[in-house]
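These notes are about the structure you will find just below.
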Amino acid sequence: MADDTSDTRGTNGGSQHASGRRRRPAPRRRLLRIAVWAVAGLVVVGGAGAGYLYFKLNGNIKGVNINQALGDDRPEQVDNGSEDILVLGSDSRAGANDKYGTDEGSARSDTAMIVHLYEGHKTASVVSIPRDTLITRPECAKTGGGTSPEVNKVMFNESYSVGGPACAVKTVESMTGIRMDHYIEVDFTGFKGLIDALGGVPVTTSKAIHDKNSHLDLAAGTHTLNGEQSLGLVRTRHGVADGSDLGRIQLQQAFMKALMDRVNGLGVLSSPTQLYKVADKATKAITTDSDLASISGLKGLAGSLKGLKSENITMVTLPVQYAKSDANRVEPMDAQAALVWQALKADLPIPAAATKGSAADETDAKGVVGTGS
């Protein structure tokens, strides 16, 4: 469901940043605005009231000081009312995540999306970066200390393994020439817990999906996926299409829209207990940049996105071709990729020509997953 049709910009004008001034919403409504996109995670939580509740949720959030880690060697901050957020799904196999594989000593970025919020935050474009994309990874400070030099022709997700969030952000900024305003990371276990707290996510599959590697077994039809099934869906590579990462991205993008629709439909719930459970799971699931790592920071971002609906989000995959050096890897189509980054930097829709001829459009995973009825 990687929709590459042209987007329309928001028309409300004026950026509403996380620190913007807004009228305080009612406590229940603030709790409702939770982690809308958590796996890709475009947005996370509104406020949570005062006292114990506030400090409990505030204490759940983990923060990383990206600005301090990267210093001044970054793209220029563009002040045109837009915002860019790097969203990663963490593939660590340590601790509660070990049932999905053996911990090889470091975490990986299993899912990577650049979320561009247009001026006014009423529309957005999302660009998925295949984890198997061969890129030039810049010099990065290593997670365990020391420095790793620049290296060519390595997979994109190697940057996270080497230097964590800061290196992932530095790599994306080097690729795109766009400064990331924020960083949001969601891990396996947190993702599952959030979906279960939401009561599942309705989806419709146009064909059966069976993948023993991701523990997924779905017949064609409409399903309400629990956390385990949702995780299996966004991780499956062998159950749909050609088994590539490009096919999996198609499923991830479709699921993101279904998840967003699910969260937007939570207004019918009236239980404060359930709303708090969602807030608790959402804040435990994420790691953010230090500017967002508080209830007040997240509330500002969530409040600015209250008018954003799934139908106003364009999702594409970085234009890529299969690498000549390794048929199991892809590499950016430089000219087309430049069109994507130029459009986002100028706060313009991504042109259809940018994705024409991309290997991502050759998979048959499009339309396999849609929103549930």
Exercise for the section: Examine distances only and state if a side-chain atom of R329 and a backbone atom of D132 form a donor-acceptor pair shorter than 3.5 Å. Expected result: no

Practice task
Check the pair T222 / T204 against side-chain hydrogen bond (donor to acceptor under 3.5 Å, both in side chains), numbers first and verdict last.
Solution key: CA-CA 4 Å; T222 298; T204 298; 3.0 Å; yes

Practice task
Go through the steps for I350 and L344 under the test side-chain contact (heavy atoms from CB on, under 4.5 Å), then give the verdict.
Solution key: CA-CA 7 Å; I350 296 172; L344 298 189; 3.9 Å; yes

Practice task
Before giving the answer on side-chain hydrogen bond (donor to acceptor under 3.5 Å, both in side chains), spell out for S294 and N58 the whole-Å C-alpha distance, their side-chain angles and the decisive distance to 0.1 Å.
Solution key: CA-CA 5 Å; S294 67; N58 212 56; 4.7 Å; no

Problem - D181 (side chain) donor-acceptor with D84 (main chain) under 3.5 angstrom - result: yes

Practice task
Find out whether L194 and V186 are in side-chain contact, i.e. whether some heavy atom of one side chain is under 4.5 Å from a heavy atom of the other.
Solution key: no

Exercise for the section: Heavy atoms only: give me the nearest L117-D347 pair and the separation to one decimal. Expected result: O-OD1, 4.2 Å

Fill in the blank from the handout: Distance col, row S159:OG vs L88:CG, nearest 0.5 angstrom, shows 8.0 Å

Practice task
Examine M175 and L339 and state if one hydrophobic cluster contains both, with Ile, Leu, Val, Met, Phe, Trp and Tyr joined whenever side-chain heavy atoms are less than 4.5 Å apart.
Solution key: no

Handout entry: Pairing of K324 and E331 as salt bridge, 4.0 angstrom limit
Key = no

Exercise for the section: Please examine the side chains of V172 and F156, heavy atoms only from C-beta on, and report whether any two atoms are closer than 4.5 Å. Expected result: yes

Problem - Worked check of side-chain contact (heavy atoms from CB on, under 4.5 Å) between I61 and I295 - result: CA-CA 8 Å; I61 306 167; I295 294 301; 3.9 Å; yes

Handout entry: Linked, directly or transitively: V78 and W341 (ILVMFWY side chains, under 4.5 Å)
Key = no

Handout entry: Non-hydrogen side-chain atoms of P165 and E185 separated by less than 4.5 Å
Key = yes

Exercise for the section: Return yes if some donor-acceptor pair links the side-chain N/O of T288 with the main-chain N/O of A293 below 3.5 Å, else return no. Expected result: yes

Exercise for the section: Could you tell me whether the side chain of Q229 reaches within less than 4.5 Å of the side chain of L218, counting heavy atoms only? Expected result: yes

Problem - Salt bridge present between R179 and E173 (N-O < 4.0 angstrom) - result: no

Problem - Shared hydrophobic cluster, V340 / L134 (ILVMFWY, side-chain heavy atoms < 4.5 Å) - result: no

Handout entry: Exceeds 12 heavy-atom contacts within 6.0 angstrom, atom CD of Q68
Key = no

Practice task
Would you give the length of the straight line joining atom CD of Q321 to atom CE of M333, rounded to the nearest 0.5 angstrom?
Solution key: 5.5 Å

Exercise for the section: Indicate whether the side chain of Q336 and that of S358 have a donor and an acceptor atom separated by less than 3.5 Å. Expected result: no

Handout entry: Residues D280 and K284 bridged, charged N to O under 4.0 Å
Key = yes

Exercise for the section: Any chance you could measure S148, atom OG, to E158, atom CD, to the nearest 0.5 Å? Expected result: 6.5 Å

Exercise for the section: Check the hydrophobic clustering (I, L, V, M, F, W, Y; side-chain heavy atoms under 4.5 Å; chains of links allowed) and say if V154 and V169 are grouped together. Expected result: yes

Practice task
Could you tell me whether the side chain of R74 reaches within less than 4.5 Å of the side chain of N67, counting heavy atoms only?
Solution key: yes

Exercise for the section: Evaluate the side-chain contact (heavy atoms from CB on, under 4.5 Å) criterion for residues L298 and I286: first the C-alpha distance (whole Å), next the side-chain angles of each, then the deciding distance (0.1 Å), finally the verdict. Expected result: CA-CA 11 Å; L298 292 170; I286 61 173; 4.0 Å; yes

Problem - Exceeds 12 heavy-atom contacts within 6.0 angstrom, atom CD of E76 - result: no

Exercise for the section: Indicate yes or no for a side-chain donor-acceptor contact from T236 to the backbone of G232 under 3.5 Å, with no hydrogens or angles considered. Expected result: no

Problem - hydrophobic_cluster_shared for I135 and M155, side chain cutoff 4.5 Å - result: no

Problem - Contact summary for V316 and Q253, nearest pair of heavy atoms - result: O-NE2, 3.0 Å

Problem - M260 side, atom CE; L305 side, atom CG - distance, nearest 0.5 Å - result: 7.0 Å

Completion exercise
Here the gap from L198 atom CG to N226 atom CG, rounded to the nearest 0.5 Å, amounts to 12.0 Å

Problem - Side chain to side chain, Q252 and T111, heavy atoms closer than 4.5 Å - result: yes

Handout entry: Side-chain touch L318/I114, heavy atoms, less than 4.5 angstrom
Key = no

Exercise for the section: Give a yes or no on whether the backbone of A219 and the side-chain of T205 come within a donor-acceptor separation of less than 3.5 Å. Expected result: yes

Handout entry: Polar side-chain atom of D289 near backbone of I66 as donor-acceptor pair, under 3.5 Å
Key = no

Problem - Stepwise side-chain contact (heavy atoms from CB on, under 4.5 Å) test for E83 and L301 - result: CA-CA 10 Å; E83 286 193 275; L301 178 60; 4.2 Å; yes

Fill in the blank from the handout: G177 and K345 have their tightest heavy-atom pair at O-NZ, 3.5 Å

Practice task
Could you check if a side-chain atom of S128 sits within less than 4.5 angstrom of a side-chain atom of M113, using non-hydrogen atoms only?
Solution key: yes

Completion exercise
Shortest non-hydrogen pair, L308 vs H121, comes out as CB-O, 3.8 Å

Handout entry: From OH (Y160) to OG1 (T171), nearest 0.5 Å
Key = 13.0 Å

Handout entry: Closest non-hydrogen atom pair between L225 and I195, with its separation
Key = O-CG2, 3.7 Å

Fill in the blank from the handout: Between Y118 and P349, the two heavy atoms sitting closest are OH-CA, 3.4 Å

Problem - More than 12 heavy atoms from other groups under 6.0 Å of NZ on K170 - result: yes

